[in-house]
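The block underneath contains the structure these notes are about, expressed in structure tokens.
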Amino acid sequence: MKTGFIGLGVMGQPMALNLARAGQPLVVWNRSPQKCEPLREAGAEVAGSPAEVFRQARVVILMMVDSDATDAVLARGTPAFADNVAGHVIVSMGTNSADYSRGLDGDIRAAGGCYVEAPVSGSRIPAEEGELVAMLAGDPEATAEVLPLLAPMCRQTVACGAVPSALLMKLSVNLFLITMVTGLAESFHFAECHGLDLERFVKVLNAGPMSSAVSRIKLQKLLEGDYAAQALIADVWKNSRLVADAARSACVAAPLLEASDALYAETAGLGYGHEDMAAVVKAIASRTSLRRNPAPHA
């Protein structure tokens with residue numbers, strides 16, 4: 001039976017390609033049709049609408065940018081919603097708030113469908129290499145049906161329990177990722193402003209105990225000034241706001257996340273929303289410039 005895949009962006013396209021190359025029959029749709037062409041070349045069928053995907057596939061994977069986009073492809077809030085989800089397993093692999101996911105789970109169940117959360121940890125390169133880590137939550141029978149489909153996309157899947165535990169797990173992981181990359185960019189900027197040899201700086205960090213796959217990739221981007229997106233500033237800012245909102249709603253202190261959130265907001269405001277998250281260094285550099293060249297008092 002065909003599997004549906006909707007949402008072929010920075011992450012979704014390589015994920016769907018890995019499914020197609022593993023021999024899984026796919027029917028796909030994306031708002032920007034040109035993103036579908038690599039999938040067509042890999043043997044997937046390209047649908048003319050999201051509704052056509054639901055008509056052809058029992059399991060439909062969504063890799064949408066946000067909750068509004070998810071609601072749009074599901075036609076949530078319209079009579080077509082029940083037609084799309086009844087008798088289907090809807091798998092959301094994007095990152096949304098836990099409250100949103102809890103509500104969507106209830107609506108899909110009420111319409112006669114099943115809902116599975118499967119957010120992933122990783123960016124574009126791990127997506128291309130099938131090295132993502134998935135967090136899975138939902139009805140045990142539905143998650144068991146979905147599990148084999150995740151294998152071509154993910155090197156590991158961790159069962160988290162009931163909805164929305166997978167998304168809360170993802171937000172916890174994102175808190176570490178966001179603050180870590182922000183700290184890395186600040187460290188790089190500090191070294192640069194003190195006139196250090198940046199290649200030696202990178203060599204020291206890569207050889208030390210703090211080195212990781214993420215730090216090595218981001219350090220190389222900082223060193224080369226290469227901000228081609230693996231994880232968009234705009235998406236990271238969205239994720240940092242989700243974490244911040246979840247922290248506030250649970251009265252949890254998250255001071256490092258709040259500082260990072262402000263910096264990603266500033267980076268987007270400077271016009272770098274479509275660059276990689278390593279471009280947060282530009283907001284840090286902007287603050288340095290303001291300190292060194294304060295505006296004259298009126």
Side-chain angles (χ1 to χ4, degrees), residues 3-7 9 11-12 15 50 53-54 58-78 80-82 84-122 132-147 149-150 153-154 157-178 231 234-252 254 257 261:
T3 295
F5 202 112
I6 299 176
M11 296 285 289
M15 291 165 66
V53 175
F54 293 109
R58 167 175 159 75
V59 178
V60 179
I61 297 170
L62 309 179
M63 190 60 181
M64 310 308 298
V65 67
D66 57 25
S67 57
D68 288 343
T70 301
D71 286 347
V73 298
L74 292 172
R76 192 178 181 199
T78 77
F81 176 73
N84 287 336
V85 305
H88 290 76
V89 178
I90 307 300
V91 185
S92 178
M93 299 192 75
T95 304
N96 293 297
S97 75
D99 286 343
Y100 168 81
S101 193
R102 187 185 290 109
L104 182 59
D105 178 43
D107 286 353
I108 289 174
R109 286 174 180 270
C114 293
Y115 173 68
V116 174
E117 286 179 345
V120 293
S121 179
L132 298 169
V133 176
M135 291 143 277
L136 202 60
D139 177 81
E141 290 185 6
T143 56
E145 185 174 354
V146 168
L147 200 57
L149 296 173
L150 300 181
M153 299 183 283
C154 305
T157 301
V158 179
C160 297
V163 173
S165 58
L167 274 167
L168 288 170
M169 186 73 74
K170 173 64 187 297
L171 295 181
S172 301
V173 170
N174 277 0
L175 193 158
F176 176 54
L177 171 67
I178 290 166
D235 290 342
V236 175
W237 183 28
K238 180 203 81 170
N239 279 279
S240 71
R241 283 176 291 172
L242 288 174
V243 179
D245 288 346
R248 281 192 290 269
S249 68
C251 296
V252 173
L257 187 280
D261 182 58

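Heavy-atom basis, side chains included; hydrogens, waters and symmetry copies ignored. Here, residue 1 is the first one in the sequence, and each next residue gets the next number.
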Identify all side-chain donor-acceptor contacts of residues 59-68 below 3.5 Å with residues at least two apart in sequence or on another chain.
from, atom 1, to, atom 2, distance (Å)
Asp66, OD1, Asp68, N, 3.3
Asp66, OD1, Ala69, N, 2.9

- Item | Listed once per pair and sorted, the side chain to side chain donor-acceptor pair (under 3.5 Å) pairs that draw on residues 161-171, sequence neighbours left out | Thr95-Lys170

Flag the pair [X] / [Y] as yes when at least one side-chain heavy-atom distance between them is below 4.5 Å, and no otherwise.
X	Y	value
Ile90	Phe54	yes
Tyr100	Asp71	yes
Asp139	Tyr115	no
Asn96	Leu104	no

When you measure from the side chain of [X] to the backbone N and O of [Y], does any donor-acceptor pair fall under 3.5 Å?
X	Y	value
Glu117	Leu167	yes
Asn84	Leu74	yes
Ser249	Ala246	yes
Asn239	Asp235	yes

- Message: Checking Asp99 now: which residues fulfil side-chain contact (heavy atoms from CB on, under 4.5 Å) with it, not counting sequence neighbours?
- Response: Ser97, Arg102

- Message: Pair Ile108, Phe81 - check side chain to side chain contact (heavy atoms under 4.5 Å, CB included), show working.
- Response: CA-CA 9 Å; Ile108 289 174; Phe81 176 73; 3.8 Å; yes

- Message: Salt bridge or not between Asp245 and Arg241? Use side-chain N to carboxylate O under 4.0 Å.
- Response: no

- Message: Run the side chain to side chain contact (heavy atoms under 4.5 Å, CB included) test on Met153 and Val120 for me, step by step, so that the C-alpha distance in whole Å, both residues' side-chain angles and the decisive distance to 0.1 Å come before the verdict.
- Response: CA-CA 10 Å; Met153 299 183 283; Val120 293; over 6 Å; no

- Query: Are Arg58 and Glu145 close enough, and set up right, to give a side chain to side chain contact (heavy atoms under 4.5 Å, CB included), and what steps lead you there?
  - Reply: CA-CA 11 Å; Arg58 167 175 159 75; Glu145 185 174 354; 2.9 Å; yes

- Task: Begin with the C-alpha distance, continue with both residues' side-chain angles, and end with the deciding distance and a verdict on side chain to side chain contact (heavy atoms under 4.5 Å, CB included) for Leu242 and Asn174.
- Result: CA-CA 10 Å; Leu242 288 174; Asn174 277 0; over 6 Å; no

- Atom CG in Leu136, atom SG in Cys160: separation rounded to 0.5 Å? 7.5 Å

